[in-house]
Amino acid sequence: MNLDLLNKGYEPREVESRWYSFWEKEGLFDALADSAPKNFSIVIPPPNVTGVLHMGHALNNTLQDILCRYRRLRGDNVLWMPGTDHAGIATQNVVERKLAEDGLDRHHLGREKFIEAVWQWRRKYGNAITNQLKRLGASCDWKRERFTMDDGLSLAVRKVFVQLYNEGLIYRGDYIINWCPRCSTALADLEVEHEETDGNLYHIRYPYLNAAGGIVVATTRPETMLGDTAVAVHPEDDRYRNAADKTVMLPLMDRAIPVIRDKYVDMSFGTGALKVTPAHDPNDYAIGLRHDLPVIKAIGDDGRMTAAAGKFEGLERFACRRAVVEELKAGGYLVRVDAHRHSVGHCYRCKDIVEPNLSRQWFVKTGPLAQEAIVAVKEGRTRIVPEIWTATYFDWMTNIRDWCISRQIWWGHQIPAWTCRDCQELIVAMEAPPTCPACGSAAPVQDTDVLDTWFSSALWPFSTMGWPERTPLLETFYPTSVLVTGFDILFFWVARMMMMGIHFMGAVPFRDVYVHALVRDEEGKKMSKSKGNVIDPLSVIDTYGTDAFRFTLAAFAAQGRDIKMSAKRIEGYRHFINKLWNAARLCLMHLTEGQPEPGPESRSLPDRWILSRLKTLTRTVSEAIDDYRFNEAAGALYNFVWHEFCDWYLEAIKPVIYDRHGEEQKAATLAVLRRVLNDALILLHPFIPFVTEEIWHKLPGTQGSIMLAVHPLDDKRSVALSHDREAEAQMELVIDIITGVRNIRGEMDLPPALELKVELQSEDKTVRASVVDHRDIILNLARIKSLTVDEPGRKPASAATTIIPGGTLFVPLEGTIDFEKEAERLQKRINKVNAELMPVVKKLNNEDYLKKAPADVVAGARAKREQLHLTLQKLEATLARVRELAK
RNA sequence: GGGCGGAUAGCUCAGCUGGGAGAGCGUCGGCCUUACAAGCCGAAGGUCACAGGUUCAAGCCCUGUUCCGCCUACCA
């Protein structure tokens, strides 16, 4: 016996620190660029380079790692492509804040120096997130790590931009876009978060220019009136039949503006008259185009009023709102102010209120691209799991609007477009044109804008593999097997990868998209720094260990449901890791190298049973992983290890391994024990890689990493195992008897030390024989002194009784029995059986049921009725006897 | 405004194509049994949100209602 093989309690810190570097050093995460018989690939959703590991990353990468490790164990050539995203606005903000600490800002530094500063920052801090992924155990092929701003990916970005431009799928134009005054950049529609806000609806009277009275308009943003160039009414609105074609005087500005008719106006809203501000509202802009209205930009890109706002020039937009309202009131123009709840757009980065603003931007024409992406999913070339997201995907893709891709920041891929200083020719090209192709003037000027970060992420599945070159990596691993992601970036990222992948590779970027849930806090709220409810995965890992954490995530990753995370649940799974650890200790105390492996014929009942259960487990776990039902796989493993393996099997074989049943039996059992531990570790490894690797190395007879082990589905000796129905039935009987005795002991308050003699009466010969065969196991686990087996006959007088499916169990308690208590106990049982019996009887009395239900279902119900009936009879007879004796 | 999801034991949640209500934690009782007290054994606890409907049969399918949560949207 070798007790110091493993420590008594599992210490994750010490163990985990060893294995990650071992795996990396051995090259166990490396993919072969050349195609193997089976290839499997995943591209990581690249975390922001500024990021720190949060719960979302932890879940996302744990699930990917489970898939990758599982596929490797199944013999696949696995590529898990890692990398990070340059995260334009986020990173720029971080570095700007950093500079501010030194009293610097980017405008003083200049563009070039600022970008250099960002690169410096990236070199210094940019690996934080990848190091954290390593602590999580992520088995990425780090040698291939990519960054969205590295040379290869930047080339891919330019190539894509130029081609789309030449195909007419990228264009530049003046449109109303979402403008964030704080970030001072355009935002895509997706980057705007809408939030219901309590505001006011201001009713303002615009007097007619050459007539009495006026028109009352309603607005939530009164300051925009400074840019009004018309008032619109619906052509069929009788109220304004006479008003149309008149001219009103814009208050405060003393500007004459026309009253026009446009069907866009909703007669039922407000007064039915709409003030039109083409420069600051997308609908108004459209109306402006239809009616050839002037465009007056009253709010500047810095969020302050422009010269066009007259005396309000320079006022911050919300200060201006207050000032405008005051003046309107003073001038008698303000008719009414109603409280009005409406949704207000906020910048998803800085949360500042977004201002619709007219400006010249670059757009991707998404219609044709989206169409292809819809067809790909319709035809099943890409499958979205769970399927529920397919509808959402279609919905969004169908109603997609053009994608504003230019950003007025510095950190990112600068747009490969140049303008000639002299003739204004626009040149879109991979490299800077030395001269203008139109007029020959020197050095056209590059557009100062950069591309939306998601533009480069959209290329991720193929740009990381070396596109535009046709690399072996692409040949082998594109399309990728599956993309694992949270639904929050389904549109931002997945949809756009679909569009770009199909367009540029001619094939979908992934076969499956597995959409997982969000990790929330204990109360189901989204974790966020401002709420202070963030659980830091790294501190969880420090406290409970990576394996416990990963297992928790997997166990709660039920499809379509968010995960509420709390320390308490992780603690529960730490116990599981510890349980496994200690079970392994027990095994390792007895397993030695080179033990003989006797044939199946010498296997005991528990041996046969556990092998049969292992077979089921292997299938269950593998199928669950194949279907992305991670929680089912984790649940099956938990139940097997803790309850079947530890509670029953290990307890049952203790007498054998402690040398009470002879050498031959011991050798057979140890061989089984080894096989079960071996296979269970392999099945567990994708979920809890560290502890399984540690145990694996202590297991005599194993060589190298568990990552190179043969999966039970591919291992001849394991495949040869089959379901052993006989063993399962016999073991069930044994368990029933043991549980029955334990139950009596517990409910009758019998001291554990009290030596019990137990009698089983059964009319079933097979049952009797079976119990005799396995008497030792029962004596040991039920902690009883003797077990006699008989045909039904004389009932022991002073005994506690339990009915089990195979017969009746008597625990004679001569002189010590408490009849009251026993009667009570039996009555409880009777009530329970009755409750179970009632619905069955009712069913079987229903002729329609007998006629219409499938035969096997009816047969099952009949069998159940018989069995319950029998049990009930026995219980009632016993109770009657006990009552008699109690008198 | 449109759409989606959720409501099952005290808590957190499983329950896959309709056919015997489950787990973990917590609670109660008993155990230091030679791997594990981060453990072992036993027990209690549920009108499956509400109201209808389909069906021989509904936690599961349909309709409506209530309460949560999320996504989406250019009604000023």
Side-chain angles (χ1 to χ4, degrees), chain A residues 1 3 6 8-10 176 189 194 201 217-221 224 232 264-266 268-277 281-286 340 342-343 356 388-389 391-392 395-396 399 487-488 490-491 518 520 522 524-526 548 555-556 558-564 566 568-569 571-589 624 627 629 631-632 635 638-639 646-647 650-651 654 658 738-739 742-747 749-753 780-781 783 828 836 839-840 843 846-854 856-858 860-861 864 868:
Chain A
M1 234 202 263
L3 257 174
L6 297 175
K8 188 167 171 180
Y10 177 60
I176 299 276
D189 295 331
H194 293 273
L201 190 59
V217 298
T219 180
T220 54
R221 295 184 296 154
T224 60
Y264 167 77
V265 180
D266 178 356
S268 64
F269 188 90
T271 60
L274 170 71
K275 61 186 269 314
V276 183
T277 323
D281 184 282
N283 298 308
D284 293 9
Y285 182 73
H340 183 64
H342 62 133
S343 86
I388 189 82
W389 292 105
T392 314
D395 192 50
W396 192 76
N399 299 314
F487 60 76
D488 49 332
L490 197 59
F491 304 140
L518 250 42
R520 299 176 180 280
E522 278 177 87
K525 298 214 175 73
K526 202 165 169 172
F556 282 97
Q559 287 188 359
R561 189 154 184 157
D562 286 349
I563 298 174
K564 291 187 203 168
S566 77
K568 194 122 202 205
R569 1 192 109 191
E571 198 177 329
Y573 287 102
R574 175 178 61 172
H575 296 175
F576 173 68
I577 304 298
N578 193 55
K579 185 77 180 175
L580 172 69
W581 179 257
N582 278 293
R585 284 180 67 215
L586 175 66
C587 298
L588 297 177
M589 284 173 197
D627 292 344
R629 298 192 317 262
N631 59 321
E632 274 184 42
Y638 184 97
N639 187 56
C646 291
D647 289 349
L650 289 182
E651 293 304 328
K654 271 180 182 172
Y658 283 108
I738 295 164
T739 308
R742 284 173 176 172
N743 179 288
I744 289 173
R745 206 190 278 275
E747 292 187 10
D749 286 341
L750 303 178
N780 175 38
L781 293 185
R783 311 182 127 255
K828 246 172 28 188
E836 244 188 294
V840 183
K843 255 200 297 204
N846 182 340
E847 276 185 37
D848 281 332
Y849 172 76
L850 298 176
K851 252 186 289 183
K852 293 180 184 171
D856 57 325
V857 172
V858 175
K864 185 171 177 180
L868 287 173

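Numbers restart at 1 for each chain; the letters A, B, ... are given by sequence-line order, proteins then strands.
Residue A:R742 places at least one side-chain N or O under 4.0 Å from the OP1 or OP2 atom of B:G42. Listed pair A:N283 / B:C75 fails the phosphate criterion, with no side-chain N or O lying under 4.0 Å from OP1 or OP2. Between A:K864 and B:G19 there is no side-chain polar atom (N or O) within less than 4.0 angstrom of OP1 or OP2.
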Nucleotides 22-27 of chain B: protein proximity per nucleotide (B base, S sugar-phosphate only, - neither; heavy atom, under 4.0 Å) = --SS--
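Separating the CH2 atom of A:W581 from the P atom of B:G39 is a distance of 17 Å, rounded to the nearest angstrom. Distance A:L518 CG to B:C71 C1': 11 Å, rounded to the nearest Å.
Between A:D281 and A:R221 there is a salt bridge, with a side-chain nitrogen of the basic residue lying less than 4.0 Å from a carboxylate oxygen of the acidic one.
Each of A:G746 and A:N582 was assigned the nucleotide of RNA chain B with the nearest heavy atom; the assignment lying further toward the 5' end belongs to A:N582.
With both ends at atom P, the span from B:C16 to B:A49 equals 15 Å, rounded to whole Å.
At a threshold of 4.0 angstrom between heavy atoms, the contacts of A:N578 include nucleobase atoms, whether or not backbone atoms are also involved. The residue A:F576 sits apart from the nucleic acid: no heavy atom pair falls under 4.0 Å.
Under a 3.5 Å cut-off, the side chain of A:N582 and the backbone N or O of A:N578 do form a donor-acceptor pair.
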Collect all protein-nucleotide pairs involving nucleotides 14-17 of chain B in which both atoms are nitrogen or oxygen and the distance is under 3.5 Å.
residue: B:A14; atom: OP1; partner: A:R561; partner atom: NE; Å: 3.2
residue: B:A14; atom: OP2; partner: A:R561; partner atom: NE; Å: 3.2
residue: B:A14; atom: OP2; partner: A:R561; partner atom: NH1; Å: 2.4

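Put simply, the side chain of A:K851 and the base of B:C56 share no donor and acceptor less than 3.5 Å apart.
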